[in-house]
Amino acid sequence: MNLNTISETHIASQSEHLFNTSRSYIETGIALELTTEKSHWQLFTNIGLIHGASISERIGDLYLASSIGAQDSFRMQNLWLGYENEKRNLQIRIGNQAVDDLFMVSDRSNFFIHGAAAYVFTFSMNAPQWPVASLGLSSSLKLSNNQTLNFGIYGSDPEVTDESINNNGFQLRRNYTGALKIIEWYRAKGNNLLKLGFFSDNNRFGLYEGITSSLNAFYLVKEGMLTPQSSRTELSYHLGFSRTLNDQTAPINYDVRAAIYAKPTAWNKEVTFALGYFFPHVNQDYLDDLNIRSESFGELSASLPVHKNATIQLSTQYIQGAGALEGTNSEPSFLGVLRFYYSL
């Protein structure tokens with residue numbers, strides 16, 4: 001059993017307006033485990049409480065400016081049964097689960113506070129991502145000491161995966177309007193990571209001229225060191241790119257993500273600085289039809305551990321295009337964020 005808490009305070013400047021919000025998230029994960037000579041079994045669930053005002057509702061951004069920017073709720077998310085074989089090179093999960101528990105996200109991309117920084121922007125809007133989950137089957141096969149192949153199939157139905165419809169975040173259903181299939185290969189060695197993935201959602205997409213289509217895309221992630229670990233300042237990077245294979249009806253055609261991290265090794269505290277820029281290219285037909293502007297954002301962030309279980313993170317964000325729905329805002333937004341994270 002574990003307990004995680006996140007508390008955030010946001011200050012945002014947009015045009016002539018100044019906004020201030022506070023938000024918190026408390027989550028506990030509960031696991032029952034059984035180990036035999038030839039297998040390891042686990043029954044896992046997590047329950048979370050989200051409360052407070054959303055800064056994204058104030059500035060009107062298309063992507064959540066905070067990774068805990070979900071609707072206020074008390075919800076169960078995951079409930080799955082996991083199996084691991086004797087050699088610990090094969091894992092299988094079945095039950096209600098979120099796709100971002102296993103796919104896409106890395107420690108470096110998850111460093112930023114902005115809610116979209118860790119994800120592939122071309123990803124299906126019907127995918128079961130935090131804070132919701134859907135019935136799915138996922139597996140992880142370790143090909144070697146450094147290489148792993150993951151595969152998953154999840155129910156993709158807005159009545160389950162859209163948290164504005166599914167307020168509880170948890171539903172057990174047998175029938176879904178579509179299915180998300182995803183496969184990902186990655187190689188991790190030390191601080192270096194190479195990840196290649198492909199996903200397909202056979203649900204229907206398209207918001208203009210009655211055109212609909214399934215969504216297919218691939219993504220690529222590369223992470224590594226820029227300086228030797230013996231340097232006084234360790235520099236590392238994160239690069240990401242994704243591309244849809246059916247541009248005409250995809251909401252986002254492609255995205256580019258880049259970030260650099262600095263960790264002074266001579267300091268007593270393990271402080272980490274990061275600077276990232278994220279650009280999703282929105283389908284021009286969507287921009288014209290919905291009268292919106294494409295949105296991109298950058299973030300400068302610093303993380304400071306204050307206790308073995310607690311961390312303070314300071315962040316500033318620059319968002320271009322937030323609040324552009326119906327042309328209400330064309331100026332950039334600036335955000336300051338203070339986050340406190342505690343884990344047991």
Side-chain angles (χ1 to χ4, degrees), residues 63 67 98-124 127 129-130 138-152 180-200 215-231 233-245 247 250 252-265 270 272-282 294-303 313 315 317-318:
Y63 314 105
S67 59
V99 65
D100 49 335
D101 283 349
L102 188 61
F103 296 91
M104 293 186 302
V105 179
S106 69
D107 289 340
R108 284 194 180 96
S109 67
N110 208 32
F111 178 87
F112 293 100
I113 290 178
H114 195 291
Y119 295 92
V120 175
F121 285 90
T122 58
F123 206 49
S124 166
Q129 305 173 65
W130 184 92
S138 63
S139 63
S140 180
L141 176 63
K142 199 167 186 179
L143 303 176
S144 67
N145 290 335
N146 302 321
Q147 300 184 61
T148 302
L149 183 67
N150 296 328
F151 172 79
L180 171 77
K181 285 83 68 179
I182 182 169
I183 186 169
E184 178 184 280
W185 168 88
Y186 71 88
R187 182 181 66 208
K189 188 175 182 180
N191 292 305
N192 297 304
L193 174 69
L194 178 62
K195 182 176 292 194
L196 176 64
F198 171 82
F199 63 86
S200 175
L215 181 64
N216 306 292
F218 72 90
Y219 59 93
L220 178 67
V221 174
K222 180 74 171 70
E223 296 180 348
M225 298 296 297
L226 295 172
T227 59
Q229 289 186 320
S230 58
S231 302
T233 300
E234 292 182 4
L235 297 178
S236 59
Y237 67 90
H238 166 89
L239 297 174
F241 174 78
S242 69
R243 179 77 161 128
T244 58
L245 304 179
D247 279 353
I252 297 176
N253 305 119
Y254 66 87
D255 76 73
V256 179
R257 308 177 305 282
I260 187 170
Y261 307 80
K263 182 186 294 185
T265 58
E270 195 172 297
T272 302
F273 300 91
L275 175 64
Y277 182 72
F278 310 86
F279 175 77
H281 185 272
V282 182
S294 185
E295 205 175 288
S296 59
F297 63 93
E299 181 174 342
L300 174 64
S301 188
S303 176
Q313 189 167 356
S315 173
Q317 299 176 13
Y318 168 90

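The basis for the numbers below is simple: all heavy atoms, side chains too, and nothing from hydrogens, waters or symmetry mates.
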Of all heavy-atom pairs linking Gln317 and Ser315, the shortest is CG-OG, 4.0 Å
query = Quick one: do the Asn150 and Ser140 side chains pair a donor with an acceptor below 3.5 Å?
reply = yes
Rounded to the nearest 0.5 Å, the CZ atom of Phe199 sits from the CG atom of Asn216 at a distance of 8.0 Å
One should read off an interatomic distance between Asp255 CG and Ser296 OG, to the nearest 0.5 angstrom, of 12.0 Å
Exceeds 12 heavy-atom contacts within 6.0 angstrom, atom CD of Gln147: yes
OG1 of Thr122 to CZ of Phe218, rounded to nearest 0.5 Å, is 9.0 Å
For Leu102 and Ser138, the nearest pair of non-hydrogen atoms, with its separation, is CD2-CB, 3.9 Å
- Task: Compare all side-chain heavy atoms of Phe103 with those of Tyr219 and state whether any distance is below 4.5 angstrom.
- Result: yes
Does any non-hydrogen side-chain atom of Phe123 lie less than 4.5 Å from one of Ile182? yes
dist Glu223:CD -> Leu239:CG (nearest 0.5 Å) comes out at 8.5 Å
Side-chain heavy-atom pair Arg257, Val120 within 4.5 angstrom cut-off:
yes
Decide whether Tyr237 and Lys222 meet the rule of one side-chain donor and one side-chain acceptor closer than 3.5 Å. yes
Quick one: side chains of residues 109-118, donor-acceptor pairs under 3.5 Å with protein atoms, not counting sequence neighbours, listed by atom name and distance.
unit_1, atom_1, unit_2, atom_2, d
Ser109, OG, Ser106, N, 3.1
Ser109, OG, Ser106, O, 3.2
Ser109, OG, Ser106, OG, 3.2
His114, ND1, Leu64, O, 3.1
His114, ND1, Ala116, N, 3.1

Nearest heavy-atom approach of Ile252 to Thr244 is O-CG2, 3.1 Å
In this structure, OG of Ser139 is separated from CD1 of Ile183 (nearest 0.5 Å) by 8.5 Å
**OP:** Using the side-chain contact (heavy atoms from CB on, under 4.5 Å) rule, take Asp101 and Trp130 through it: C-alpha gap first, then chi angles, then the decisive distance, then the call.
**Re:** CA-CA 8 Å; Asp101 283 349; Trp130 184 92; over 6 Å; no
Query raised in the report: Would a 4.5 Å heavy-atom cut-off, applied to side chains only, mark Phe198 and Leu245 as touching?
Result: yes
Q.
Distance alone, cut at 3.5 Å: any donor-acceptor contact between the side chains of Glu234 and Tyr261?
A. no
Note: Arg108 and Ser236 closest approach over all heavy atoms is NE-OG, 3.3 Å
Looking only at heavy atoms, the pair that brings Gly224 and Asn192 closest together is CA-OD1, 3.2 Å
- Query: Trp185 versus Leu194: any side-chain heavy-atom pair under 4.5 Å?
  - Reply: yes
Shortest non-hydrogen pair, Phe278 vs Pro280, comes out as O-CD, 3.7 Å
request  = Keeping the roles fixed (side chain from Thr227, backbone from Leu235), state whether a donor-acceptor pair exists under 3.5 Å.
outcome  = yes
* **CA sep, side-chain torsions, deciding dist, call: Leu193, Arg187, side-chain contact (heavy atoms from CB on, under 4.5 Å)** => CA-CA 6 Å; Leu193 174 69; Arg187 182 181 66 208; over 6 Å; no
- Should we say atom CG of Asp107 is surrounded by more than 12 heavy atoms from elsewhere, each under 6.0 Å from it? no
d(Ser242 OG, Met104 CE) to nearest 0.5 Å is 10.0 Å
